[in-house]
Amino acid sequence: MTNKNDSVPVLVAVAWPYASGSRHLGHLAGAYLPADVFARFQRLAGNEVLMVSGSDVHGTPITVRADSEGTTPSDIVDRYHKEFLDNWEKLAISWDLYTSTGTDNHSEVTHDVFMKLFEKGHIDKRSSEQFYDEDAGRFLPDRYIEGVCPHCEYPEARGDQCENCGRTLDPEELIKPISKISRSEPTLKETEHFYLRLSDFQEPLSKWLSGREGWRNHVLNFSKGWIEEGLHDRAITRDLDWGIEVPVEGIGAGKKIYVWFEAVIGYLSAAKEWSKNNGSEDDWKKWWTNPASRSVYFIGKDNIPFHTIIWPAMLIGYGGLNLPSNVPANQYVTFKGGKASASRGVGLTITESLEVFEADSLRYALAASFPEQSDTELTVEEICRRINEELVATWGNLVNRVLSMIYNSCDAQIPSPELRNDEDLALLKGIDQIIELVAEEIDKVELRAALQKGMSGAAEVNAYLNSMEPWKLSKTDPERAATVLGTALSAIAGVRVCLAPYLPFSTGLLNDVLGPVNSWRREEPEHGKKIEKPKPLFKKVDKSLLGLDD
RNA sequence: GGCGACGUAGCUCAGUUGGUGAGAGCGCGCGAUUCAUAAUCGCGAGGUCGACAGUUCAAGUCUGUCCGUCGCUACCA
């Protein structure tokens, strides 16, 4: 296992939340929370973690939303960026930097990557025809064009897809296309765009992917499938007002870098921004150019090709930067069988959830259901059940019963470890083994199994107490009772280490008694120390008060 | 339509490269216990591993077909 002597830099790269609307529990369970658990563990294991992300502030859905609300894209972005920051604070997501793609730094880094790929010939310029709105004086994104669907004759099909029959469309296929902006008929007009020559990277990517070990099967299969179908060059500029400027003269006004190209660069630009903020401009290289560094990308499965194909292609083209060590993409959390979606009202948003659940309780319930291998069905009922029947009953109650007994029958003093017998030591040995096993699981990003393993430690301590019956010993053999309770408290200190990455708030509540968790091992409680009258770590959820129709 | 995945106890899910009688948590039943947020501990019932066919000495695990569910299909990212 890792320790201080062979500390490894670990880049924890987290999907950039799209500032087009509230994020929901699927996003939280899919990317942000697993990343936080992983990062917290790596820090405790003594590794140098850099965990970065930020709000993705560009892209069509944001402009669409702004238009429909009669406001500006930056208003939309500000609103949701603020909401996200509030979400992260309430959940204690431990970013080293949470920024946005709207910074000057991000533009500069994006331009640098663009120009390097351009100079190396991996980006070239091509002409194509696109719909142009004469009245509005602008080119139209596909979804700004409406018309009659050629398949089902639905009258309000969008240029990218018909909502009625579900087929994907090209805008040229629409019968009687009209611009959503001016309601006039758009005309096809020639426009020039830059393309990323993904086809240049077919071979190196294929080779790179076939050497990946320890990756999740669905991630590898999906990525290899993409490559086998053949990689197509993709346009990386758009005729838009909202986005990052194209850093080349003479391509024409009103062109911006397409958001999929610049958003992934955020991982790099955020690392550089963090470096500048923290004094040493070159610190980012520790995670990006040092071959011993690990970079782990936490994303949902819908983002897989961008992180296993496109971003690696850009990195290979750029040269000298680390490719992803692992992309443990999660599957979906589903609600009533369907993918969570805030816009369609499926499932809860993070903000809504935090209004009814304590942060640690929510973190526990989601972590216990991380969709690591397959889509996982989640309901409000299930979240309550996880909290009340597992978290509170097994762990919260364990802490409370032990502290209460120490408070009531040991003079509120942490007992001495001196008189421990073989049974006591066997319990602690078992807990220490669990701590090691949990470390292995988390390091493999098997976070759900690791949490269950940690909770099994709490069950072992409960079993130990039931067998020792310190509440009886306190009447017949107070000294032995104290030893048992001291042993149980020490075991709790061990279990707490396992749960610390998952439950930062309630772990912190024990700091007064046990001291802070500073490393990945059980610390013996300070005997003789006085404790306060214990309070429960968690509140039970009263389902009847929730009033939620999931 | 094409591609990817999923379909294992009432529920949510695990099941490395095919190999002793199929697992966990919760729920349920019985018993123990009463220190603790009516919490805990022990035991138990419960599954022809979606269907059919095939490969093999041996398949939940490989192959094919079918049924069902979900997602993607490149201008959402």
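Only heavy atoms go into these numbers, but all of them, side chains included; no hydrogens, no water, no symmetry mates. Just so we're on the same page: letters track the sequence lines, and every chain starts at 1.
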No-H, no-angle donor-acceptor pair, A:Arg238 side chain to B:C75 base, under 3.5 Å: yes
Using a 4.0 Å heavy-atom cut-off, does A:Val259 contact any base of the nucleic acid, only the sugar-phosphate backbone, or nothing at all? sugar-phosphate
Considering only heavy atoms and no angle criterion, is a donor-acceptor pair shorter than 3.5 Å present between the side chain of A:Asn397 and the base of B:A39? no
Can you check whether A:Arg234 has a side-chain N or O nearer than 4.0 Å to OP1 or OP2 of B:C75? yes
Kindly point out which of B:C70, B:U40, B:G25 is positioned nearest to the side chain of A:Glu390? B:G25
When all nucleic acid strands are considered with a 4.0 Å heavy-atom cut-off, which category describes A:Phe306: base, sugar-phosphate, or nothing? base
Given B:G15, B:A77, B:U33, identify the nucleotide with an atom nearest to the side chain of A:Gln373. B:G15
Shortest non-hydrogen contact between A:Ser369 and A:Leu378, atoms and distance: OG-CD1, 3.8 Å
Of the candidate nucleotides B:A39, B:C35, B:G25, which contains the atom at the shortest distance from the side chain of A:Gln452? B:G25
Mind checking the C1' distance from B:U61 to B:U56? Whole angstroms is fine. 13 Å
Nearest-neighbour nucleotide for the A:Pro61 side chain, B:G4, B:C76, B:U40 considered: B:C76
Within the 6.0 Å centroid threshold, strictly below: A:Tyr98 and A:Phe84: no
NA contact type, A:Ser369, heavy-atom cut-off 4.0 Å: base, sugar-phosphate, or nothing? nothing
Using a 4.0 Å heavy-atom cut-off, does A:Pro470 contact any base of the nucleic acid, only the sugar-phosphate backbone, or nothing at all? nothing
Can you tell me, in whole Å, how much space there is between the C1' of B:A77 and that of B:C72? 12 Å
Considering only the P atoms, how many Å lie between B:G10 and B:G47, rounded to the nearest integer? 8 Å
What about the rings of A:Tyr267 and A:Tyr297, do their centers lie closer together than 6.0 Å? yes
Would you please confirm or rule out a distance under 4.0 Å between OP1 or OP2 of B:A14 and any side-chain N or O of A:Ser374? yes
Under 4.0 Å, counting only non-hydrogen atoms across every strand here, what does A:Ala459 touch: a base, just sugar-phosphate, or nothing? sugar-phosphate
What is the nucleic acid contact for A:Arg448, judged by heavy atoms within less than 4.0 Å: base, sugar-phosphate only, or nothing? sugar-phosphate
Which whole number of Å gives the distance between the C1' atom of B:A58 and that of B:U20? 12 Å
Categorize A:Leu537 for me: base, sugar-phosphate, or nothing, with a 4.0 angstrom heavy-atom threshold over every strand shown. base
Distance from A:Tyr502 atom OH to A:Phe370 atom CZ, nearest 0.5 Å? 7.0 Å
So what does A:Phe538 hit on the nucleic acid, given a heavy-atom distance under 4.0 Å: a base, only sugar-phosphate, or nothing? base
Students often get this wrong, so: under 4.0 angstrom with heavy atoms, is A:Lys472 touching a base, only sugar-phosphate, or nothing? sugar-phosphate
Does A:Asn400 make a side-chain N or O approach to OP1 or OP2 of B:U37 shorter than 4.0 Å? yes
Any A:Tyr464 side-chain N or O less than 4.0 Å from OP1/OP2 of B:U40: no
Side-chain donor/acceptor of A:His232 to base of B:A74, under 3.5 Å: yes
NA contact type, A:Trp226, heavy-atom cut-off 4.0 Å: base, sugar-phosphate, or nothing? base
Counting any heavy atom closer than 4.0 Å, what does A:Gly59 reach on the DNA or RNA strands: base, sugar-phosphate only, or nothing? sugar-phosphate
When you measure from the side-chain N and O atoms of A:Asn221 to the phosphate of B:A5, is any distance below 4.0 Å, counting only OP1 and OP2? yes
Mind checking if A:Asp302 touches a base, just sugar-phosphate, or nothing, with heavy atoms under 4.0 Å? base
Shortest side-chain distance from A:Thr376, nucleotide among B:A36, B:C13, B:C35: B:C13
Integer angstrom distance from the P of B:C26 to that of B:G42: 10 Å
